[in-house]
Structures are given as C-alpha cells and as structure tokens.
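Everything on this sheet refers to the single structure shown next.
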Amino acid sequence: MIHVIATKFGALELEETERGVRRISFVEGGASRAVAPAKPTNLEAKLSKYFQGGRVDFSTVSLDLQEVSSFQRRVWEAAMKIPYGEVRTYGWIARKLNSSPRAVGQALKSNPLPIVIPCHRVVSSQGIGGYSGGINLKTRMLKLEGALR
DNA sequence: CTGCGAGTCAAAC
DNA sequence: GTTTGACTCGCAG
C-alpha cells in the first residue's frame, strides 16, 4: 500500500504493509502528486502533525524493515532513542556502539525511513553533517523541532 | 582561525 | 585485496 501525502517540505511517499511501514521517501516535484487518502493511517496522522510543528513520538510506530545488516539496525535503533528537539553527533553514536563515526554515517545514509528514524538529529561535531535528502532538508527539520540555534 | 594527516570501520568495488 | 565515506581528533601555520 503506497500513499503520497503533502507536507510543507514537499510530497512524501509512504509504503506500508500489514506489518508496518517499509519505506518513506521524499518525492521530486513538490506536492502536486499528493492524494488525500480516504482514511489516513496512524502513521499519516503522525506525519502530518509532525510537519505542522507538533512534537510527535514515532517510537511506537511499527516498522517493517527489509533485510539489513545488524550493524545498520543497531545504528537506526540508537538514532530512534534521540528525543524530539535534541541532536547527537556521529561520534556519540559510534562510541556507544563501539564503532567509528564514518561507519555510522554509512549506515544512516541507507536509512529507508527518514523522520520515523530521525537520522536528521545526527549531526557532525563540527557542523551540520550530511543528509541523504539534502542538507537543506535536514536544516529545516531541525529548525522545525527547535533543535537549531 | 584554517588546513592537513592519520585513525577508524563497514560497505562497495 | 583496495578505496571510499553524511566523521573526528590533533597539531602545525
């Protein structure tokens, strides 16, 4: 089941199964393709609330992750523990997992569930760091959460 | 302050 | 086997 919803950061494509959300991606070309679902799912309701600036807890959302390495899973789980409005550094996660900052970045890059897995809350110790959806997007989401000075 | 080198480790080649 | 990062730390200029 695939839905496209409109947000102020562009259209968002969601793929959900009976087991949970499988994939989230930002869609090129803005919100024109957005379709209002007849019956918004729990996840869609949370996402629209989030993009309206609401403090949303995604930790209860059920996930349907496809085959991934155990390392990726550990990094994503660590990222989901970062509270709303706060940030951590790549090095912070690396030390927690006995890994290295670059490896953490690699795992976050392949995150299939932006926002639900808040990879945008992971920043570099020297600056904003990177983001697979574009640094611009990362910055705006952190501002939305009030996590940026 | 800025720039460079080395350390690091999972993934990609 | 080698190279490449969404990094970090330390140390020169």
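Values below: every heavy atom of this structure, side chains too, minus hydrogens, waters and symmetry copies. Numbers restart at 1 for each chain; the letters A, B, ... are given by sequence-line order, proteins then strands.
Closest approach to the A:Ser99 side chain among C:dT8, B:dC9, C:dA6 is made by B:dC9 (side chain taken as heavy atoms from C-beta onward). Across C:dG5, B:dA10, C:dA6, the shortest atom-to-atom separation from the side chain of A:Gln106 is found for C:dG5.
With ring centers used as reference points, A:Phe9 lies under 6.0 Å from A:Phe51.
At whole-Å resolution of the value, CG in A:Leu97 and P in B:dT8 are 17 Å apart. Nucleotide C:dA6 holds its C1' atom 11 Å from the CD1 atom of A:Ile93, rounded to whole Å. As a whole-Å value, the separation of A:Lys109 NZ from C:dG5 C1' is 6 Å. The interatomic distance linking A:Asn98 (CG) with B:dG7 (P) rounds to 20 Å, in whole Å. Rounded to whole Å, atom P of B:dC9 lies 12 Å from atom CZ of A:Arg74. Rounded to whole Å, the distance from CD on A:Gln126 to C1' on C:dT8 is 7 Å. Rounded to an integer number of Å, the gap from A:Trp92 CH2 to B:dT8 C1' is 19 Å. The distance between atom CZ of A:Arg73 and atom P of B:dA10, rounded to the nearest whole Å, is 17 Å.
When Watson-Crick and G-U wobble pairs are counted only if both distances are under 3.5 Å, C:dT3 pairs with B:dA11. Pairing partner, C:dG10: B:dC4, with both Watson-Crick or wobble hydrogen-bond distances short of 3.5 Å.
Counting atom types as modelled, A:Tyr90 pairs a side-chain N or O with a base atom of C:dA6 as donor and acceptor under 3.5 Å.
In summary, A:Glu13 and A:Arg23 engage in a salt bridge, as defined by a charged side-chain N under 4.0 Å from a carboxylate O.
When atom types are taken as modelled, the side chain of A:Lys49 and the backbone of A:Val56 share no donor-acceptor pair closer than 3.5 angstrom.
Cation-pi geometry between A:Arg88 and A:Trp92 is satisfied (NZ or CZ under 6.0 Å from the ring centre, within 45° of the ring normal).
If A:Arg95 and A:Asn111 are placed on DNA chain C by their nearest nucleotide, the residue sitting closer to the 5' end is A:Asn111.
Smallest separation of non-hydrogen atoms from A:Leu142 and A:His120: CD2-O, 3.4 Å.
Contact annotation: A:Ser100 does not reach the phosphate of C:dT8 (side-chain N/O to OP1 or OP2, under 4.0 Å). Side-chain nitrogen and oxygen atoms of A:Ser124 include at least one within less than 4.0 Å of the OP1 or OP2 phosphate oxygen of C:dT8.
Among the heavy atoms of the strands lying under 4.0 Å from A:Thr89 are primed sugar atoms or P, OP1, OP2 only; no base atom is included.
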